[in-house]
Number of protein chains: 2
Amino acid sequence: MTFLSDTALKHELNARGFRSTPQRQKVLRIFMALTQGEHLSAENLHQALEEDGEHISLSTVYRTLHLMVYMGLLRELELAEGHKHYELNRPMLDHHHLVCVHCNQTLEFSESSISEIGKKTAETSGYQVLDCQLTLYGICSKCYMPEART
Amino acid sequence: MTFLSDTALKHELNARGFRSTPQRQKVLRIFMALTQGEHLSAENLHQALEEDGEHISLSTVYRTLHLMVYMGLLRELELAEGHKHYELNRPMLDHHHLVCVHCNQTLEFSESSISEIGKKTAETSGYQVLDCQLTLYGICSKCYMPEART
DNA sequence: CATTTAATGAAAATATATGTCAATTGATTT
DNA sequence: AAATCAATTGACATATATTTTCATTAAATG
Ligand SMILES: [Zn+2]
Ligand SMILES: [Zn+2]
Ligand SMILES: [Zn+2]
Ligand SMILES: [Zn+2]
């Protein structure tokens with residue numbers, strides 16, 4: 001599921017009653033070309049497409065992101081910047097995020113036990129799990145200076 | 001930290017160079033009166049205050065929420081509804097969320113190992129951890145009906 | 001290739017959140 | 001208790017992110 005050819009994507013879509021479109025193929029290709037740790041906002045993705053010479057409307061960008069999250073192909077991250085970021089969902093290579101609520105610095109870390117917990121919990125509740133995110137919010141060492149206060 | 005009197009809140013605020021105000025006291029009281037599992041958006045909180053006969057501007061509501069998240073008194077949750085929700089941060093009674101991306105049904109569950117992982121990771125990275133959230137996104141049994149497709 | 005219906009693009013509309021600034025009020029000091 | 005000073009508030013304006021609308025285009029199916 002980490003890499004999906006155009007025809008594999010078409011099958012995934014058609015199996016669920018959706019259509020394969022050039023726009024959807026191009027969006028997924030952008031995400032597959034990112035390196036580990038890169039996240040794109042809707043706006044970032046729109047620009048990345050433009051830079052590739054692909055004009056896709058912002059509406060379609062948003063619609064495609066939602067669809068792919070719904071299908072489990074992308075994960076939607078709410079880090080601290082006020083808009084959502086997206087990345088490929090690779091359950092086998094899962095990683096998590098640590099965010100400074102003051103300066104928004106974001107670190108990634110991996111923790112294999114999380115997906116087990118997710119799987120177990122989802123099963124108990126009758127859910128089909130799409131994504132499993134552990135997010136730690138804190139204050140980084142640069143931002144936390146007790147001596148600077150009062 | 002689960003319950004905070006007005007004077008205890010005043011001390012928490014003053015110790016960090018912030019002021020105690022009636023608005024901040026009232027906001028915290030609203031959250032302390034919620035039952036486990038209730039979450040409020042900024043708009044919800046604003047309305048809850050109005051219903052209590054307390055007029056507090058929406059700007060102040062937003063500012064107060066941010067301050068209390070920053071202080072570790074509240075946790076900010078990004079569930080699937082498109083706006084943030086807040087609840088009291090009770091590290092000793094921590095719980096996590098399972099959200100259906102289709103109908104937004106949200107279940108809470110507890111998992112004691114999470115806070116350990118959070119503590120360990122934050123320590124390694126030099127962060128002071130404020131909140132530790134495991135969020136599972138999936139499709140609930142009501143929404144997932146493979147037989148209804150194609 | 002004709003039919004059907006999902007998907008797209010452009011623009012407008014909504015929702016959410018933040019910034020500005022004069023007036024107010026809390027904390028602290030006389 | 002009054003004076004001082006800076007943090008906080010409220011009202012309003014503004015910004016940003018996301019969604020909706022709807023006429024047009026184009027996949028899928030047979
Ligand atoms: Zn990531
Ligand atoms: Zn920081
Ligand atoms: Zn909760
Ligand atoms: Zn559901």
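Every value quoted in this text rests on a predicted model; they were computed, and no experiment measured them.
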### Summary
Here the distance between atom P of C/dT25 and atom CZ of B/Arg24, to the nearest Å, is 15 Å
### Query
Using a cut-off of 4.0 Å on non-hydrogen atoms, how would the nucleic acid contact of B/Ser41 be classed: base, sugar-phosphate, or nothing?
nothing
### Task
Ignoring backbone atoms, establish whether B/Thr21 has a side-chain N or O less than 4.0 Å from OP1 or OP2 of D/dA7.
no
### Task
Could you state the atom-to-atom distance from CZ of A/Arg16 to P of C/dT5 in whole Å?
23 Å
#### Entry: Lys/Arg-Asp/Glu bridge criterion (N-O < 4.0 Å) met for A/Arg29, A/Glu54
no
### Per B/Thr60 side chain, nearest of listed nucleotides D/dT9, C/dA27, C/dA10
D/dT9
### Query
Under 4.0 Å between a side-chain N or O of A/His66 and OP1 or OP2 of D/dT20?
no
### Query
So, is B/Arg63 near the phosphate of C/dT18, with a side-chain N or O under 4.0 Å from OP1 or OP2?
no
### Task
Drop me the distance from B/Leu28's CG to B/Leu74's CG, to the nearest 0.5 angstrom.
7.0 Å
### Message
Please determine whether a side-chain nitrogen or oxygen atom of B/Gln23 lies at a distance below 4.0 Å from atom OP1 or OP2 of D/dG10.
### Response
yes
### Task
Send over the distance from B/Ile56 CD1 to C/dT24 C1', rounded to a whole Å.
15 Å
### Task
Could you say whether B/Val61 or A/Ser20 is positioned toward the 5' end of DNA chain D, judged by the nucleotide with the nearest heavy atom to each?
B/Val61
### Query
Looking at D/dT18, D/dT20, D/dA27, which one has an atom nearest to any side-chain atom of A/Pro22?
D/dA27
### Query
Looking at B/His11, does any N or O in its side chain come under 4.0 Å of the phosphate oxygens OP1/OP2 on C/dA27?
no
#### Entry: Separation of D/dG10 P from B/Leu58 CG (nearest whole Å)
11 Å
### Task
Round to the nearest Å and state the distance from B/Tyr86 atom OH to C/dT16 atom P.
12 Å
#### Entry: Pair A/His39, A/His97: side-chain N/O donor-acceptor within cut-off below 3.5 Å
yes
### Proximal nucleotide (of C/dA27, D/dG10, C/dA7) relative to the B/Ser57 side chain
D/dG10
## Note on the structure
Which of C/dA27, D/dA28, C/dT18 is nearest the side chain of B/Lys10? It is C/dA27
### NZ/NE/NH1/NH2 to OD/OE distance under 4.0 Å, A/Arg75 and A/Glu87
yes
### Message
Considering every strand and a 4.0 Å limit on heavy-atom distances, what is the contact class for A/Glu43: base, sugar-phosphate, or nothing?
### Response
nothing
### Query
Expressed in angstrom and rounded to an integer, what is the separation of A/Lys84 atom NZ from D/dT19 atom C1'?
11 Å
### Message
Regarding B/Ser59, tell me which of base, sugar-phosphate or nothing describes its non-hydrogen contacts under 4.0 Å with the strands shown.
### Response
base
### Task
Specify the separation, in whole Å, of atom OH of B/Tyr70 and atom C1' of D/dA7.
16 Å
### Query
Just by distance, with hydrogens left out, do A/His96 and A/Gln133 show a side-chain donor and acceptor under 3.5 Å apart?
no
### Message
Distance check needed: C/dT28 P versus B/Arg19 CZ, whole Å only.
### Response
9 Å
### Query
Ion pair present between B/Lys120 and A/Glu111, side-chain N to carboxylate O less than 4.0 angstrom?
yes
### Query
Does OP1 or OP2 of D/dT18 have a side-chain N or O of A/Tyr62 closer than 4.0 Å?
yes
